[in-house]
Every structure is written in structure tokens, then in C-alpha cells.
Amino acid sequence: MKSLIDILNLSTDEIDELIRTAISISDNPEKYSDICRGKTLANLFFEPSTRTRMSIESAMYSLGGNVINMNDQSTSSASKGESLSDTIRVVSSYVDILAIRHPSEGAGLLASEFSSVPVINAGDGGHCHPTQTLADLLTIYREKGSFDGLTIGFCGDLKYGRTVHSLIKALLRYEDVKIYLISPEELVLPSYLKDYMKELGNSYIETISLEEAIPNLDVLYMTRIQKERFQDIKTYENLKDVYILKKENLNLAKDNLSIMHPLPRVNEISIEVDDDPRACYFKQVLNGKYMRMALIIKLLSLYEKTASDKETANHNNIGSNKEIISNEKIDSDFKCKNPHCITNHERGLKGKYEITDGKKQCVYCEYEEDIS
Ligand code: NCD
């Protein structure tokens, strides 16, 4: 049984297969409209969400399946003190697949350890958000035709922006991808992700200046400053409008730049940019639904019900195939130092770590700790 907890759970071939299936779905939705008949998905959202929850729900309905929702914590057993693992054991016995969003980092992985059905991680705190990455990859593929050789700028909250974390991991697998990390010092990318980049020999440039980076970019990925992750509201207030993409910034950009944003937008892209042909952020929304449909079909092993597996098998790779080898995982009495890690919130859960480059890395949230 396969779950999608981290984008690296999918090989590059599987991502290719999902992209081709999603395109086939968008060209021919009737072919897929009954494929999940008799199947039920549970949406377990422990954090606010509009688009991701509705996207997953609408994906399941468009495949002919059913959805049950638990989206208000105050009326669920979590409010009575039930552990996440118990909730997952119970809910997974009602359904065929479940999607979870949770404020603790690593909650998706924990859910997959206790679920009897495939799990989709729909966002675990500031850690990762692999289904948004699928939406983003389909958008980039449709706009650019390939991933290899692209220069991509990530701008805004790179510290807590989980969509950024997952998309960077995915892009690292393709050849010659150059990454600009555009953020204030307080919101730089977590070090474990910079380490991945170094490990795979990818080049990245860190800057605080959007103006400086923009002329070089093929894709600009703007993000919201993640207010809900700040301990101190004053820091958020100081940083919230640090980047606002305006029409005049685009004078410096390439004619074929693709401007992306996972949404919701607050202030970081001014509304006047929406009419620019380079704006792709509303296209990402529908691409997200198609990719989630393709993902549900895959995780429920329903490919054989469509011709798409045969179609996809005969295609060449969309990008090159740099797989990431995972290290041996060590069970122990390890205590993760990240206060947002699920291991610090779930009763009785033992920490697990792996050693990478002289550092202990938590298996649940990927937080790194020096052991030298
Ligand atoms: C993102 C998220 O939840 O991380 N939204 C989404 O899923 N489309 C981005 C955000 O909230 O800023």
C-alpha cells in the first residue's frame, strides 16, 4: 500500500505518470467519471483550508467516489483528548483512502504508520505539502514543456512555506535546475533543504532582493508570509509586506516568465498583475484538481480500470531521473528539538532519526541537529 507523505515517495517516473494521467483527465474527464464508484475518501483537516480540502473533495466526486469530512476539530474526538494515531485507526476503518492536514510537522507520516488505507498528506505544519507540488509541477510542465534547465525563484516565507519545501525537493531531481531563494534573513529556507541541494550538486543563490533576481527567472514562485506559524505577531507585522510583486517589477522580467503562487494571496502579488499573461496562479488551482484525481486513482491502484497506464508506459521521461537514496532509520529514545514536531505532541510516540552528514535528522519533521 502506498501513501503520499513526502513528494520523494514518488519516483520521477511516477510523477511523469501522474502528469500524463492528469492531462488525459483534463482532455477527457468522462472517461474517469466513474472510476472511484463505491470508494470513499475521508478528509481529516485539523487546520483551516479552503482550496486543498475542496480540491480533494471535488477530485473524489469527479471520479464518482464519496467523501466524508472531519473539518471542525471542536466537534471531533481530538477535542476530547484523543491521540492522532487513535483517530487515524478509527477513521481508516471506514474508508478506502484518507487525506490529512495537521499543524504538527510529521503528522502525515505518523498517520500513514497507523492507517489501514493509503494516506495523502495535505500539509503538515510548516513542513511539506506534496499535493500542492503536484499541482505546481503540472503547471510548470504545461507552461514550460520540461523541468530541466529551468531557473526558478522562490520568494517570501521560505522558512515556513511548506509548498516551497516540497517543490524544491521535487525540482532537485531534474537536470540543471537553478534555484533563487529570495527572502528576508528571518525567513530563510531550513538548513536540511539547503543540505539536500548541496548533496545533489544543485546550485542555488540566496538573496533578499527580488529586483536583483527577477531578470534571471523562468518561474517566479511567490508565497504568503505564514502568519499562523509565528510565535510573535510583531515579527509577522514587520515582515508581512516585505515583498509585493507589482507591474513595474515585471518590466525587468523575461517575456515568458511564469508567475506562480499556491494561494491564498494576501498582499504579495498586487491585483494589477492578474491581467498579465505571465500570471499562472489561477491555472494552478485546476491543475491541482487534475493531479489530485490522478493521485487518488494511483493510490487506490485503479489504473488498470483506465487505458492510461498503457499510454503512460510508452512515453519517455519528462525529466531526468536523479533519485534520492534514503538512509537507514534509527528507532530510539531520540527527542526531536523542533517544538512543532509531531513527536513532541503525540502521547507515547517514540522519536526516530537518521544520520546524514554528521547530523541527526528527525524522520518525522526532518529537523537537523549537529552531533559533532
Ligand atoms: C498553501 C498551504 O496551505 O500551505 N495553500 C494551499 O494549500 N494552496 C499556501 C499558504 O497557505 O500560504
Side-chain angles (χ1 to χ4, degrees), residues 4-7 22 43-60 69 71 73 99-108 111 119-140 152-170 182-184 186-187 189-190 193 219-230 236 239-245 258-270 279-293 295-296 340 342 365-366:
L4 179 64
I5 305 307
D6 186 295
I7 195 66
N43 250 338
L44 293 180
F45 276 65
F46 295 87
E47 249 191 4
S49 167
T50 313
R51 71 217 74 245
T52 304
R53 187 178 59 74
M54 289 182 77
S55 173
I56 293 173
E57 193 164 340
S58 114
M60 190 58 173
N69 270 296
N71 55 5
Q73 275 189 75
I100 175 169
R101 170 170 289 191
H102 197 279
S104 294
E105 301 181 10
V119 175
I120 298 172
N121 178 9
D124 57 330
H127 181 218
C128 61
H129 192 349
T131 68
Q132 180 61 43
T133 296
L134 295 178
D136 299 339
L137 289 174
L138 178 57
T139 308
I140 296 173
I152 306 191
F154 291 89
C155 178
D157 189 344
L158 310 190
K159 181 177 182 186
Y160 298 118
R162 56 193 172 193
T163 65
V164 171
H165 304 163
S166 292
L167 183 54
I168 286 180
K169 274 189 182 174
I182 310 154
S183 75
E186 296 87 338
L187 297 176
L189 195 75
L193 284 162
V219 175
L220 171 60
Y221 194 95
M222 295 297 294
T223 60
R224 176 178 71 88
I225 308 296
Q226 307 280 300
K227 182 178 182 184
E228 65 279 26
R229 311 268 174 240
F230 283 76
Y236 167 74
L239 292 170
K240 67 176 185 194
D241 289 329
V242 58
Y243 300 109
I244 302 179
L245 183 68
S258 302
I259 307 162
M260 297 176 61
H261 190 303
L263 304 179
R265 150 178 65 179
V266 184
N267 238 351
E268 51 288 341
I269 303 181
S270 101
C280 297
Y281 29 97
F282 291 111
K283 294 185 194 167
Q284 280 166 263
V285 177
L286 194 53
N287 287 335
K289 176 178 170 181
Y290 294 138
M291 281 303 253
R292 290 177 177 116
M293 288 171 79
L295 178 70
I296 292 169
H340 307 293
I342 187 72
C365 72
E366 300 185 85

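Predicted model only: the values in this text are computed from it and were never measured. Numbers for residues simply follow the sequence, beginning at 1. Note that ligands are numbered from 1 as they come in the structure, with each ligand's atoms numbered from 1 the same way.
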Q: Given 3.5 Å as the limit, does a donor-acceptor pair link the side chain of His340 with the main chain of Ser104, or not?
A: no
Q: Quick one: salt bridge (charged side-chain N to carboxylate O under 4.0 Å, His left out) partners of Lys159, sequence neighbours excluded?
A: none
Q: Hey, are Glu366 and Lys169 close enough for a salt bridge, meaning a charged N less than 4.0 Å from a carboxylate O?
A: yes
Q: Can Glu47 and Arg229 be counted as an ion pair, charged N to O under 4.0 angstrom?
A: yes
Q: Can you sort out the partners of Arg224 under salt bridge (charged side-chain N to carboxylate O under 4.0 Å, His left out), two or more places apart, ordered by chain and number?
A: Glu228
Q: Could you check ligand 1 for N or O atoms lying under 3.5 Å from protein N or O atoms and list the pairs with distances?
A:
from	atom 1	to	atom 2	distance (Å)
ligand 1	3 (O)	Arg101	NH1	3.4
ligand 1	3 (O)	Arg101	NH2	3.2
ligand 1	3 (O)	Arg162	NH2	2.9
ligand 1	4 (O)	Arg162	NE	2.7
ligand 1	5 (N)	Leu263	O	2.9
ligand 1	7 (O)	Thr52	OG1	2.8
ligand 1	7 (O)	Arg101	NH2	3.2
ligand 1	7 (O)	His129	NE2	2.7
ligand 1	8 (N)	Gln132	OE1	3.3
ligand 1	8 (N)	Pro262	O	3.0
ligand 1	8 (N)	Leu263	O	3.1
ligand 1	11 (O)	Arg224	NE	3.4
ligand 1	11 (O)	Arg224	NH2	2.9
ligand 1	12 (O)	Arg224	NE	2.8
ligand 1	12 (O)	Arg224	NH2	3.3
ligand 1	12 (O)	Gln226	NE2	2.8

Q: Check salt bridge (charged side-chain N to carboxylate O under 4.0 Å, His left out) between Glu105 and all other residues, then give those that pass, not counting sequence neighbours.
A: none
